[in-house]
Amino acid sequence: AKFGFSNITGIDYSPSAIQLSGNIIEKEGLSNIKLKVEDFLNPSTKLSGFHICIDKGTFDAISLNPDNAIEKRKQYVKSLSRVLKVKGFFLITSCNWTKEELLNEFSEGFELFEELRTPRFSFGGRSGNSVAALVFQKT
């Protein structure tokens with residue numbers, strides 16, 4: 001929003017998180033962001049037609065849920081496919097999943113567009129990333 005993008009929508013299932021976000025938006029003097037209370041695993045029909053969806057922790061949180069996480073991950077992918085336009089982009093940053101695991105989780109209906117660089121570390125003669133950041137495109 002600070003760079004001039006408009007038609008931005010932020011969602012969370014928690015009304016308190018939406019209220020906190022609203023306070024931050026107001027404090028920052030931004031007016032081009034809509035906030036909605038939405039459960040992404042069961043989104044309303046109004047949540048659709050997006051060109052870009054960004055996830056920074058939601059898929060990770062769903063994956064850690066002790067109640068049927070596998071099914072909830074599948075529902076997340078279905079919801080994402082429903083709200084995102086064809087050829088739309090999905091950006092995900094995850095500290096729980098590797099690139100290969102994310103490629104597997106989003107293999108149906110999405111293709112890898114780009115891997116974003118993240119900090120690398122070395123330990124015991126091996127190198128790796130502690131965070132995966134990928135851009136998918138809906139097919």
Side-chain angles (χ1 to χ4, degrees):
K2 289 180 181 179
F3 292 105
F5 291 95
S6 59
N7 197 18
I8 299 170
T9 303
I11 67 166
D12 200 291
Y13 69 93
S14 167
S16 298
I18 292 296
Q19 183 177 18
L20 175 62
S21 297
N23 292 342
I24 293 168
I25 289 168
E26 186 177 323
K27 181 180 174 187
E28 294 289 326
L30 302 170
S31 60
N32 52 351
I33 302 173
K34 293 179 279 238
L35 298 174
K36 296 181 180 183
V37 176
E38 286 276 356
D39 175 2
F40 195 69
L41 296 180
N42 189 23
S44 69
T45 55
K46 295 176 184 176
L47 198 66
S48 65
F50 290 94
H51 295 282
I52 300 172
C53 290
I54 301 171
D55 180 314
K56 189 177 174 273
T58 301
F59 189 72
D60 285 355
I62 288 167
S63 300
L64 295 172
N65 190 318
D67 264 347
N68 206 0
I70 293 170
E71 188 58 38
K72 288 181 178 177
R73 288 195 316 264
K74 289 178 184 178
Q75 183 58 43
Y76 178 101
V77 175
K78 286 179 190 174
S79 295
L80 178 63
S81 186
R82 192 179 70 72
V83 303
L84 194 60
K85 288 184 173 197
V86 174
K87 299 290 182 189
F89 293 99
F90 169 57
L91 290 74
I92 183 167
T93 302
S94 174
C95 58
N96 294 346
W97 295 88
T98 65
K99 173 187 175 182
E100 292 73 23
E101 291 169 327
L102 289 170
L103 289 171
N104 184 56
E105 290 290 318
F106 295 93
S107 62
E108 290 187 35
F110 298 90
E111 61 185 19
L112 181 64
F113 183 80
E114 188 171 341
E115 179 178 8
L116 304 176
R117 289 191 313 183
T118 59
R120 295 185 60 77
F121 69 93
S122 295
F123 182 77
R126 297 189 68 181
S127 292
N129 298 70
S130 58
V131 175
L134 304 177
V135 180
F136 289 95
Q137 189 168 30
K138 182 178 172 183
T139 54

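Index from 1, following the sequence.
- Residues Ile62 and Leu91 do not share a hydrophobic cluster, defined by chaining ILVMFWY side chains whose heavy atoms lie under 4.5 Å apart.
- For residues 35-81, every residue pair satisfying the ring-ring contact (aromatic ring centres under 6.0 Å, His included) rule, not counting sequence neighbours, is listed here: Phe40-Tyr76, Phe59-Tyr76, Phe59-Trp97, Phe59-Phe106.
- Among residues at least two apart or in separate chains, side chain to side chain donor-acceptor pair (under 3.5 Å) pairs with a member in residues 25-39 are Lys2-Glu28, Asn7-Lys34, Glu38-Ser44.
- Residues passing the side chain to side chain contact (heavy atoms under 4.5 Å, CB included) test with Asn68, sequence neighbours excluded: Glu71.
- Every residue two or more places apart in sequence or in another chain that forms a side-chain hydrogen bond (donor to acceptor under 3.5 Å, both in side chains) with Ser122 is listed here: Ser127.
- Rounded to the nearest 0.5 Å, atoms CG (Asp55) and CG (Asp60) are 7.0 Å apart.
- Residues that satisfy the side-chain hydrogen bond (donor to acceptor under 3.5 Å, both in side chains) test with Lys99, not counting sequence neighbours, are Glu115.
- Shown here for Leu41 and Pro43, the closest heavy-atom pair between the two residues is C-CD, 3.6 Å.
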(message) Between Phe136 and Leu103, is the side-chain contact (heavy atoms from CB on, under 4.5 Å) condition met? List the steps.
(response) CA-CA 9 Å; Phe136 289 95; Leu103 289 171; 3.9 Å; yes

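- For Tyr13, there are no ring-ring contact (aromatic ring centres under 6.0 Å, His included) partners two or more places apart in sequence or in a different chain.
- The backbone N or O of Gly109 sits less than 3.5 Å from a side-chain atom of Thr139, completing a donor-acceptor pair.
- One distance of note links CD1 of Ile52 with OG1 of Thr9; it measures 12.0 Å at 0.5 Å rounding.
- Annotation: the span from Phe110 atom CZ to Lys138 atom NZ amounts to 6.5 Å, rounded to 0.5 Å.
- Shown here is Ile70, whose CD1 atom has no more than 12 heavy atoms of other residues, nucleotides or ligands within 6.0 Å.
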(request) Take Leu80 and Cys53 through the test side-chain contact (heavy atoms from CB on, under 4.5 Å) and record every step on the way to the result. (result) CA-CA 8 Å; Leu80 178 63; Cys53 290; 3.9 Å; yes

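- Remark: Gln19 CD to Ser14 OG distance equals 9.5 Å, nearest 0.5 Å.
- Applying the side chain to side chain donor-acceptor pair (under 3.5 Å) test to every pair with at least one member in residues 79-89, sequence neighbours left out, gives these pairs: Gln75-Ser79.
- Applying the salt bridge (Lys or Arg N to Asp or Glu O under 4.0 Å) test to every pair with at least one member in residues 105-114, sequence neighbours left out, gives these pairs: Arg73-Glu105.
- Test Leu116, Leu112, Ile54, Ile92 against Val135 for side chain to side chain contact (heavy atoms under 4.5 Å, CB included) and you get one pass: Leu116.
- Residues satisfying the side-chain hydrogen bond (donor to acceptor under 3.5 Å, both in side chains) test with Thr98, not counting sequence neighbours, are Glu101.
- Contacts of Asn65 classified as side-chain hydrogen bond (donor to acceptor under 3.5 Å, both in side chains), with partners at least two apart in sequence or in another chain: none.
- Under a 4.5 Å side-chain heavy-atom criterion applied to ILVMFWY residues, the cluster that includes Phe5 comprises Phe3, Ile8, Ile18, Ile25, Leu30, Ile33, Leu35, Val37 as well.
- The same ILVMFWY cluster, assembled from side-chain heavy atoms under 4.5 Å apart, contains both Val77 and Leu134.
- In this structure, Ile24 shares a hydrophobic cluster with Leu20, the cluster being traced through Ile, Leu, Val, Met, Phe, Trp and Tyr side chains under 4.5 angstrom apart.
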